[in-house]
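Heads up, the thing below is written out as structure tokens.
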Amino acid sequence: MDARWTALASSAKDTAGNRVQSRYQRQAAHEVLNLDAECSARDIAVTAMAMFMFWSEKPERFLTDAAFRLQLMKRVRALSSRHSGLRYDHRTGNQGRVYRELSPKAGVIVARDLASAFGGAGLQLAELEKRDQERKQAMTDEINEALRELA
């Protein structure tokens, strides 16, 4: 997983410096570089795979695949504090957090890259988790059946 993130970050570095790319690709590349500068590859991989496990377990929570990918990008992006800032409210005298939104087209690019890097592993992990749950349930059922036979 670390190698996949490293490959994604190095590709983003090449894209960010290339003025021939579309601005959305450059914006997405800068977002990946911001994540790379502030977050560990392990945290990013764990968060992305957890989102895929959640999607596998509860697909009804997302209306469409695009909605899932948007949430995947937002959850991974939330690991970094570079997309947010503080704003002072003069009326209340308090500071409030302000989130800088990524353009939708750049968000789709980041989400696509995250899905291609961690999607397969996340779905495989979800399948393993499902098998473990089924195995535990089968053992519980066997124990309950044996106890019923004893009684």
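Because the structure is predicted, anything quoted here is derived from the model rather than measured. All residue numbers refer to positions in the sequence shown, counting from 1.
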Sequence neighbours left out, cut at 3.5 Å: what donor-acceptor pairs do the side chains of residues 68-80 make with other protein atoms?
from, atom 1, to, atom 2, distance (Å)
R77, NE, E31, OE2, 2.9
R77, NH1, R100, O, 3.1
R77, NH2, R100, O, 2.7
S80, OG, R82, N, 3.1

Distance in Å, L35 CG paired with H30 NE2, rounded so as to fall on 0.5 Å steps: 13.5 Å
Any side-chain heavy-atom pair of Q95 and D89 under 4.5 Å: no
Nearest atoms (heavy-atom pairs only) where L33 meets A16: CD1-CB, 3.7 Å
Donor-acceptor pairs are to be reported for all side-chain atoms of residues 138-145 against protein atoms at under 3.5 Å, with residues two or more places apart or in another chain.
from, atom 1, to, atom 2, distance (Å)
T140, OG1, K136, O, 2.9
D141, OD1, Q137, NE2, 3.0
N144, ND2, T140, O, 3.3
E145, OE1, R148, NH1, 2.9

Less than 3.5 Å apart, which donor and acceptor atoms pair up between the side chains of residues 49-58 and the rest of the protein, not counting sequence neighbours?
none

Over all atoms of both residues, closest heavy-atom pair of D2 and A41: OD1-CB, 3.6 Å
Any pair counted as side-chain hydrogen bond (donor to acceptor under 3.5 Å, both in side chains), so long as it reaches residues 4-27, sequence neighbours left out: W5-D36, Q27-S103
Shared-cluster residues of V108, by chain and number - hydrophobic side chains joined below 4.5 Å: none
Side-chain donor-acceptor pairs of residues 115-131 under 3.5 Å, sequence neighbours excluded:
from, atom 1, to, atom 2, distance (Å)
S116, OG, R112, O, 3.3
S116, OG, D113, O, 3.0
E129, OE2, Q133, NE2, 3.4

Residues forming a salt bridge (charged side-chain N to carboxylate O under 4.0 Å, His left out) with D65, sequence neighbours excluded: none
Listed partners of R135 passing side chain to side chain donor-acceptor pair (under 3.5 Å), at least two apart: D132
Distance-minimising heavy-atom pair for I109 and A28: CG2-CB, 3.6 Å
Co-membership, hydrophobic cluster, residues I44 and V110, 4.5 Å side-chain: yes
